[in-house]
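The structure under discussion appears below in the form of structure tokens.
Just so it is clear, the model here is predicted, and its values are computed rather than measured. We use all heavy atoms of the structure for the numbers below, so side chains are in, but hydrogens, waters and symmetry mates are not.
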Amino acid sequence: MYANSRQIDSPQSGPHDDLERRVQRAMSHPLRKPVADHTREAFAQADQWLSAQNKPLWLDSGCGVGRSTRQLALTYPDHAVIGVDRSEDRLSRKHGELPDNARLVRADLVDFWRLALAAGWAPTHHTLLYPNPYPKARHLKMRWQGHPVFPIIMALGGQLELRTNWDIYAREFALAVGHATGIEVSALPFVPQNDYLTHFERKYHESGQTLWRLVCQLEHTPARYPLAL
């Protein structure tokens, strides 16, 4: 093993005590953050591309340099795979040609998810691969499970898969799914069997860290979460 990635250091020893309250608050109070113009434009272009593809949608959220988007599109040619990341720098890095059934989009995920739900997008699969853990306890609201946008992730539906190298993040996410939907789900350790989906996945695994995976099947429920766009 040549990688030397450090374990996540956090003052938390378990799921955050405030998690349930934050999820319930997000469920009761629609996010009213204005949608950025650049994300509206990027979404409109992605929506047009998706319509032309005429294939089931696989949404790859927080795709970074797009390695996972490419891998998924090659593995599942019967799907249209859209990778979304907010970093122009990451998305512009050269990692090979995109398959015809893949598209990379620079956008703010909080805005993009809300536009997707409002437009009726219903991904069959949705991947969240190694999101920023924000390990400080006071930053719970910045983790997806503690963020006001969490109900929108649930409402988009499909087979949702989270991967992380922090067991507390995985356990919190599982609890948040239960608070929001009533679905009981568990995160389990896993070992990548084929090619790594992301560079982070390779780095963490080759550093000897345990990787965690959570998979749940969610119902597409746009009517349950009123949007303020």
Side-chain angles (χ1 to χ4, degrees), residues 7-36 39 59-64 84-87 107-118 123 126-189 198 200 204 209-219 221-222 224-229:
Q7 295 280 353
I8 292 174
D9 183 22
S10 173
Q12 285 186 228
S13 58
H16 202 292
D17 292 339
D18 202 34
L19 178 66
E20 182 174 4
R21 185 192 68 84
R22 289 207 62 86
V23 172
Q24 295 304 329
R25 177 176 174 78
M27 299 279 289
S28 304
H29 298 80
L31 184 59
R32 298 188 180 278
K33 171 183 174 290
V35 174
T39 294
L59 188 57
D60 186 24
S61 293
C63 66
V84 184
D85 200 272
R86 67 182 178 183
S87 171
D108 180 291
L109 273 173
V110 173
D111 293 349
F112 195 90
W113 283 332
R114 290 187 292 158
L115 291 171
L117 188 64
H126 188 182
T127 43
L128 289 169
L129 304 178
Y130 305 94
N132 191 325
Y134 295 106
K136 294 181 179 180
R138 68 176 182 272
H139 290 159
L140 170 64
K141 63 183 179 182
M142 300 173 70
R143 304 172 200 161
W144 291 133
Q145 60 269 24
H147 196 285
V149 82
F150 186 74
I152 306 302
I153 303 174
M154 299 295 98
L156 282 167
Q159 181 176 292
L160 177 67
E161 178 171 351
L162 168 80
R163 295 187 187 183
T164 179
N165 64 323
W166 189 25
D167 64 322
I168 290 177
Y169 196 105
R171 289 159 60 193
E172 280 186 354
F173 200 96
L175 288 171
V177 170
H179 295 323
T181 68
I183 298 172
E184 186 173 333
V185 60
S186 298
L188 299 173
T198 79
F200 286 119
Y204 299 149
Q209 296 186 29
T210 300
L211 303 181
W212 297 86
R213 181 172 178 259
L214 177 153
V215 179
C216 59
Q217 186 66 42
L218 300 172
E219 185 181 354
T221 54
R224 187 175 179 183
Y225 306 103
L227 293 170
L229 297 178

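For the pair Ile153/His126, a side-chain contact is recorded, criterion being any heavy-atom separation below 4.5 Å from C-beta on. With contacts defined as side-chain heavy-atom distances shorter than 4.5 Å, the pair Val177/Met154 qualifies.
Looking at every heavy atom in both residues, Pro135 comes nearest to Pro11 through O-CD, 3.8 Å. Leu19 approaches Gln145 most closely through the heavy-atom pair CD1-O, 3.7 Å. Pairing each heavy atom of Ile168 with each of Ser13, the nearest pair is CD1-C, 3.7 Å. The minimum heavy-atom distance between Leu214 and Ala170, with the atom names listed, is CD1-O, 3.9 Å.
At least one donor-acceptor pair closer than 3.5 Å links the side chain of Thr39 to the backbone N or O of Asp108. The backbone N or O of Lys33 lies less than 3.5 Å from a partner atom in the side chain of Arg114, making a donor-acceptor pair. When atom types are taken as modelled, the side chain of Arg22 and the backbone of Gly146 share a donor-acceptor pair closer than 3.5 angstrom.
Within a 6.0 Å sphere centred on CD of Gln217, heavy atoms belonging to other residues, nucleotides or ligands number more than 12. Residue Tyr130 places its OH atom among more than 12 non-hydrogen atoms of other residues, nucleotides or ligands, all under 6.0 Å distant. Residue-environment remark: CD (Glu219) stays at or below the threshold of 12 foreign heavy atoms within 6.0 Å.
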inquiry  = Using the rule given for side-chain contact (heavy atoms from CB on, under 4.5 Å), can you reason through Gln159 versus Val215, listing the C-alpha separation, both sets of side-chain angles and the distance that settles it, and then say yes or no?
reply    = CA-CA 7 Å; Gln159 181 176 292; Val215 179; 3.7 Å; yes
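Separation of the Phe173 and Phe150 ring centroids falls under the 6.0 Å cut-off.
Taking OG of Ser10 as the start and OH of Tyr134 as the end, the distance is 14.5 Å to the nearest 0.5 Å.
Judged purely by distance below 3.5 Å, without hydrogens or angles, the side chains of Ser61 and Trp113 pair a donor atom with an acceptor atom.
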